[in-house]
Amino acid sequence: MKTYDAIIVGGGHNGLVAAGYLARAGLKVLVCEKRYVLGGCSATEEIYPGFKFSVCSYVVSLLRPEIIRDLELPRHGLEILPLPSTFCPQPDGKRSILRTDDSMESYRNVAQFSRRDAEVLPRFARQMTRICRFVKPILSMVPPDMDSWNPNELLKLLELGRGFRTMDPELRYDVIKLFTMSAVDYLEDWFESPELIASMSVSGIIGTFLGVRSPGTAYVLLHHYMGEIDGVFRAWGLPVGGTGGISLSIARAAQAFGAEIRTEAGVKQLLLKGDQVRGVVLENGEEIGARAVLSSADPFVTFKKLVPEGQLDPRLLDSLKHYKFRGSSGKVNMAVDRLPEFTCLPGMGKHLKGDISIAPSVDYLERAYDDAKYGNFSRRPFINVVVPTVSDPSMAPPGKHVISCFVQYAPYQLKDKSWDDERESFGDAVVDTLAEYIPGLKKSILFRQVLTPLDMEREFGITEGNIFHGELSLEQMFFLRPIAAWARYRTPLQGLYQCGSGVHPGGGIMGAPGQIGAREVLKDLKQKRPAHR
Amino acid sequence: MDIDTLILGSDPNALACAASLANQGQKVVILESRDHAGGVYAREGGLPWRTPLRPRMRRELGLLDEPPLDPVAFCPLSDKTHFTLWQDVEKTRQELARLSQSDAQRYAGFKSFMDRMIAFAEPLLDQTPVGPDAAHWASLVDAANIGLRFKSLSHSDALGLMRLGPMAVQDFLEESFEHPAILGAMALPAFEGRFAGPRSPGTAATLLYHQLAGPRVALGGVVEDLVAAGTRRGVELRFGQQVESILVEVGRCTGVRLQDGTVVRATRVVSALDPKRTFLELIPPLELGPELVRNVTNLKMRGATALVRLKLSRTPRFACLGEQDPAPYLRGRIHFGPDIEAMERAYDDVKYGKLSERPVLEGRFSEPTQLDLRVKFVPFGCSEDVRERVLSTLEAYLPDLRECLQEALVKTPSDLEAEYGLSGGHLHQGEHNLHQLHFCRPLPGYADYSSPVERLFLCGSACHPGGVGTGAAGANAAREILSTNLERAKSAVSTPVGAGLAVGTGVALAGVGALVASLVKKPKKGKEAKDNGHSKPVS
């Protein structure tokens, strides 16, 4: 039996980051990826000849700068183009909200809706950035053990408390509000224009089964100001070559440090001796030994599928039952033969290079959520559109384009229906909605791919199609993610670790779970003698 | 004679505050704009029930204990069946078993978890909130006390409490129950004072919050009792007094001016009115500063409950009870129960400013011929016919209702604002949202019942602990006013040295508190890790 220091289950960006860090520390590492291509949900695939698609995730913002630095990702081909604008066309076909990297341009545009809001906007951005400074360090920290005695743990808690205590009281109140309010309620404290509020509130609902008026959604607004590219706050980016470009650059970095990566090598189960992990069995029956196994799969897959039945305390499985996945989003990818042309802003422009939202009003978004609550997909959904080929022409043949639509809501559980029957009518709802803003869209479509949450579960192995490996709601964050007792990357099985988005700090192309997970493995392994070498 | 304290408004909080202050020998005058005391809590007000006065206050004022309502909730269902939640666990379990065996089995466990949570959280109601700004010895002792009590919870209870806070009540209840009608009946208190539905995060906390003060009791008599207790101690009530403004001189409150031009001077003024009225209508904005004005303006006070009083010629027949005598079921609240999904749909409508097709009705027969109802969700400025919607919803449960109906009085949120001066028609002077609770209630920095104006205090349900523990806010405010501690600390903080000292000792004490708390916890650690660590014993 071949033996490694560490085997990583899943070749998504978190798994690859973990591999990179472990290999960099001199360990013998193997990554096992089930699919034919690396990247998991951040993979680029040519599903229609000549067109490359970021099939699932499509933009990047939170990728930790220290990971880029430590793994020297730019040297391995990482290149991220900033998204210069956020664009929200209005249903009247004339007006649109366009906020860009040029503050005068944003001012002029927003002032058409409300002069007061245009003036408040920079102040709002400053406030968010200030709060980010408090929240950011939390992203790279191992959640404290609330039950521990270790002085280091207590210090961590004290440090957090002190950070909070020494904050300006006004800022502190805003932190409390951000963590508990709904996106709309919070924005209404600042702004008056309903169009602007609707266009900004959508960042609060991405990936969750909540509406813009549901408390708890304001927090995600903050994430939009936490993005960091080349040290510049508040920037979202489009990776060159699609999100697969990120995964591949991490994979190349890991390989350069000596990691081995295998695709089409799905892990079937863990090899155990007592409650000690000894390695893995692949789907083809091959057995591989390891001192540590890191699972970048979600908690359900890790604990229910990888671990043989009967090995875990029933109470853990019971807590896992209460962990909410509830996928709520779908994806529609299209290949088109011409540039999409918006009625309200025809022709080429900065608005096409950025992030485009179909979010005409708060009630529209809330109604889309109401549909999903009762087990239907939204007939008039919220759509987040990106046309990557405008900035990165390498993704499609000359003159042709790729349109990526992130769609909400598409609940995993449909009432009395199956996604296999509803897939195309869901796709039609998306195209119909978009066509109201881009009249020529339907005629220009060469190819359409519809991914429902069920498809994502089947194809990418994410339970219930939740893109974050479990909802990012307050009761599932920090030391409660995924389960209170096992939130610190370890598991009840000796040698099994979690390093996916199901652990702190959660989903998005952040890499932090992989990085911190690897760090914890190294800590543990350092205390033991290497098995070989 | 000089007035020590002038209190604006006469709801139970104002009366409790007045009685407590008078108990300590202060000359207290209450100014009420109507011709009777109690505000919306008066018999004429139409609230069907309330939470009991805090035990400490009852003792202090020599008031009698108030027996809880039993049954807790009687729930007729639309299919002409019914079930009842009793005070007694076993009796309730049998009721639930008719609907769902598994729910019945899990009820006792759920109830005992909630009881433990209540035991932990209830003392908070009688404490002035300790926030991150806390810098006094007294508040740090309180903080250490809370920390110790938290640490003495079992591991799973502590985690349970932390998870509970941000959860949606539906998610929280679904961990124990499955039957939609049971879920509905259990969830109902979570929407009291909220503009939220079963799936809105943060509502599990409100569910707990509304159980802290104990089961609901009958409304009758509380205002009269408090007035009597106050009057015995020399509190003077003046009715028909319309306050025009609060007088502020050089940052210090000196009294009020009435609409007829009379000036009433007092050493201090305590407002039981909501913060929007107190700060935005009665005080010139210059005295408060833009930041406070902004925070007050942004307070969420979206009333969504209407009060309906039906006067009947006799007790109507219950479809679900047939010929059975309804009397034993009608002592507590009656949940004319939509299931949990119907509640979510009722909330959906109010989001879009509409009255729901099937509003959520929670009623009580305050007399055999008088049915008082809280109706949810009714939007502010509702133009639809609330009366008709309520009657047609009730008819499914009370088929002969219209025959015995004599009169229906309806107070929508807009009526509540116009008649009782409750901004936004909100019964609790501010939503019980997470960011408007505890040390953030009514506003951060002023959770100690003080205000930016010296010698002006707040004591209404806008303050901690909100509308749940009737009278608690008033009693806490009285305590804070009496403790010279507050007034001294206010001046101490104004000097940098004093502030530094206070913060220094605060941090030191917090450290000691944490250390003590951890020491107490330590011996349990080894055992607990095994108990709750989910690890499988090594085979």
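Numbers restart at 1 for each chain; the letters A, B, ... are given by sequence-line order, proteins then strands.
In this structure, A:Thr180 and B:Asn433 have side chains that are not in contact, with every pair of non-hydrogen atoms separated by 4.5 Å or more. With a 4.5 Å cut-off on side-chain heavy atoms, B:Cys440 and A:Ile176 count as touching. Contact annotation: the side chain of B:Pro201 approaches that of A:Ser214 to within less than 4.5 Å [non-hydrogen atoms, C-beta and beyond].
Annotation: maximal heavy-atom pairing with chain A below 4.5 Å, among B:Glu341, B:Met162, B:Gln436, occurs at B:Glu341. In terms of non-hydrogen atom pairs under 4.5 Å with chain B, the most contact-rich of A:Arg367, A:Lys273, A:Met167 is A:Arg367. Options B:Asn295, B:Asn298, B:Thr297 differ in how many heavy-atom pairs under 4.5 Å they form with chain A, and the most are formed by B:Asn298. Of the listed residues A:Arg172, A:Lys324, A:Lys321, A:Glu188, the one with more heavy-atom pairs under 4.5 angstrom with chain B than any other is A:Arg172.
For chain B, no part of A:Gln476 is nearby; none of its heavy atoms comes within less than 4.5 Å. Neither the backbone nor the side chain of A:Phe179 comes within less than 4.5 Å of any heavy atom in chain B. Looking at B:Phe195, neither its backbone nor its side chain comes within 4.5 Å of chain A, counting heavy atoms on both sides.
For the pair A:Glu366 and B:Tyr352, the tightest heavy-atom approach, listed with the atom from each and the gap, is C-OH, 3.3 Å. Nearest heavy-atom pair, A:Lys373 versus B:Arg199, reported as atom, atom and distance to 0.1 Å: O-NH2, 3.2 Å. Across every non-hydrogen atom of A:Glu475 and B:Arg163, the tightest pair is CB-O, 3.5 Å. Of all non-hydrogen atoms in A:Pro215 and B:Arg194, the two that sit nearest each other are CG-NH2, 4.0 Å. Looking at every heavy atom in both residues, B:Glu344 comes nearest to A:Tyr374 through CG-OH, 3.2 Å.
A salt bridge links B:Lys300 and A:Asp189; the closest N-O separation between the charged side-chain nitrogens and carboxylate oxygens is under 4.0 Å. A salt bridge does not link A:Asp370 to B:Arg345: none of the charged side-chain nitrogens sits closer than 4.0 Å to a carboxylate oxygen.
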- Message: Go through it in stages, so that I can follow the logic: the residues are B:Arg302 and A:Asp185, the test is salt bridge (charged side-chain N to carboxylate O under 4.0 Å, His left out), and I'd like the CA-CA distance, side-chain angles, deciding distance and then a yes or no.
- Response: CA-CA 11 Å; B:Arg302 294 167 292 188; A:Asp185 283 353; 3.2 Å; yes
